[in-house]
Amino acid sequence: RISHSMLQLTANPSIFIAISGHNTKTCEAYNSSLNIWKSLPDLPAITSNPSCIDYADFIYVFSPEGVFRCDIVNGEEVGWETGDFGIGGRLKKGMGIVSQENKVFLFGGFDIDKMYNDIYLIDFDKNYIEEAKDIVLPNRGFYNSNAIVKSNVIILMDANNCVTEYDSENNMFYYYT
């Protein structure tokens, strides 16, 4: 499996989900406490370098091929739903994704010949996404879901192992090479 995404479940940190990747729609769950792999429902489409997050009891996958969600956080394997969420053609491969204070952010990404530095905010309750025009990454990056939140600071690591920190309280970026 290459060009896939990996997600650790917030509700059960011993569960890791491997999602799609190059030439595969398959998804699996790894239980690190039991050292067991389990097959999960396949995605509706092959997604190379997808971005994924668990939010409000769903796993969401974002890619140029679509937005997919599945209620497997609670152990229910009902398959993947396809949605648009008003995103249209704005999704790219390798976008960083993180949630902070009931907001979900999508960062950067790439397509065939370009890297991006835009940021989108997602509101799942309103089924809406908007570009964060007042926040722009200081660099263009391929983050591939490499994003975490620590002490109200969003930390992104790009494909070149450079780190960008975003302090949302002060709307400041810090970039480390």
J.: Does the S39 side chain pair with the main chain of E28, one donor and one acceptor, at a distance under 3.5 Å?
T.: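 Answer holds: no.
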
J.: To the nearest 0.5 Å, how far apart are CG in D118 and CG in L106?
T.: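 Going from the CG atom of D118 to the CG atom of L106 covers 9.5 Å.
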
J.: Does any N or O in the side chain of D54 come within less than 3.5 Å of the main-chain N or O of T10, such that one atom is a donor and the other an acceptor?
T.: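 Yes; at least one donor-acceptor contact below 3.5 Å.
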
J.: Hey, mind stepping through T164 and Y176 against side-chain contact (heavy atoms from CB on, under 4.5 Å) and telling me if it holds?
T.: CA-CA 6 Å; T164 301; Y176 310 96; over 6 Å; no

J.: Answer yes or no: is there a side-chain heavy-atom contact under 4.5 Å between F105 and I119?
T.: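 When only atoms from C-beta onward are counted, I119 and F105 do touch, with a gap below 4.5 Å.
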
J.: Rounded to the nearest 0.5 Å, how far does CD of E65 lie from CD1 of I46?
T.: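 Reported value, rounded in 0.5 Å steps: 9.0 Å.
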
J.: Will you find, in the side chains of D111 and Y116, an N or O donor that is under 3.5 Å from an N or O acceptor?
T.: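 Short answer, yes.
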
J.: Say you draw a straight line from OH of Y166 to CZ of F107; how long is it, rounded to the nearest 0.5 Å?
T.: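 The CZ atom of F107 is 8.0 Å from OH of Y166, to the nearest 0.5 Å.
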
J.: Search all heavy atoms of K92 against all heavy atoms of F110 and return the closest pair with its distance.
T.: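 For K92 versus F110, the nearest heavy atoms are CB-O, 3.5 Å.
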
J.: List, by chain and then residue number, the residues other than I36 in its hydrophobic cluster (Ile/Leu/Val/Met/Phe/Trp/Tyr, side-chain heavy atoms under 4.5 Å); write none if there are no others.
T.: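 Noted: I36 shares its cluster with L34.
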
J.: Locate the shortest heavy-atom distance separating V98 from I53; write the atom from each residue and the value.
T.: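 V98 and I53 have their closest heavy atoms at C-CD1, 3.7 Å.
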
J.: Quick one: do the T47 and S63 side chains pair a donor with an acceptor below 3.5 Å?
T.: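 Result is no, nothing qualifies.
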
J.: Mind listing the closest non-hydrogen atom pair of H4 and P50 along with its distance?
T.: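 In terms of heavy atoms, the two residues are closest at C-CD, 4.1 Å.
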
J.: Rounded to the nearest 0.5 Å, what separation is found between the CD1 atom of I2 and the CG atom of N23?
T.: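 Here the rounded value is 8.0 Å.
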
J.: Measure the shortest side-chain to side-chain distance between F68 and Y60 over non-hydrogen atoms and say whether it is less than 4.5 angstrom.
T.: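 They are not in contact (no side-chain heavy atoms under 4.5 Å apart), so the answer is no.
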
J.: Write down the atom of W80, the atom of P41, and the distance for their closest heavy-atom approach.
T.: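 Between these two residues, the closest heavy atoms are NE1-O, 2.9 Å.
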
J.: In terms of the angle between their ring planes, are F16 and Y30 parallel, tilted or perpendicular, with boundaries placed at 30° and 60°?
T.: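 Correct class here is tilted.
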
J.: Please report the C-alpha distance between E81 and F58 in whole Å, then the side-chain angles of each, then the deciding distance to 0.1 Å, and finally whether the side-chain contact (heavy atoms from CB on, under 4.5 Å) criterion is met.
T.: CA-CA 10 Å; E81 299 175 65; F58 287 95; 4.1 Å; yes

J.: Find the distance between OG (S33) and CD1 (I15) and round it off to the nearest 0.5 Å.
T.: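 Reported value, rounded in 0.5 Å steps: 7.0 Å.
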
J.: Once you round to the nearest 0.5 Å, how far does CG of L7 lie from CD1 of I17?
T.: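 Atom-to-atom, L7:CG and I17:CD1 are 6.5 Å apart.
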
J.: Just jot down the salt bridge (charged side-chain N to carboxylate O under 4.0 Å, His left out) partners of E130, sequence neighbours excluded, or say none.
T.: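 Here no residue qualifies.
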
J.: For D42 and T26, work out which heavy atoms get closest and say how close.
T.: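 So the minimum-distance heavy-atom pair works out to OD1-CA, 3.3 Å.
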
J.: So which heavy atom on L43 is nearest to which on C27, and how close?
T.: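 What the structure gives for the nearest pair is CG-SG, 3.9 Å.
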
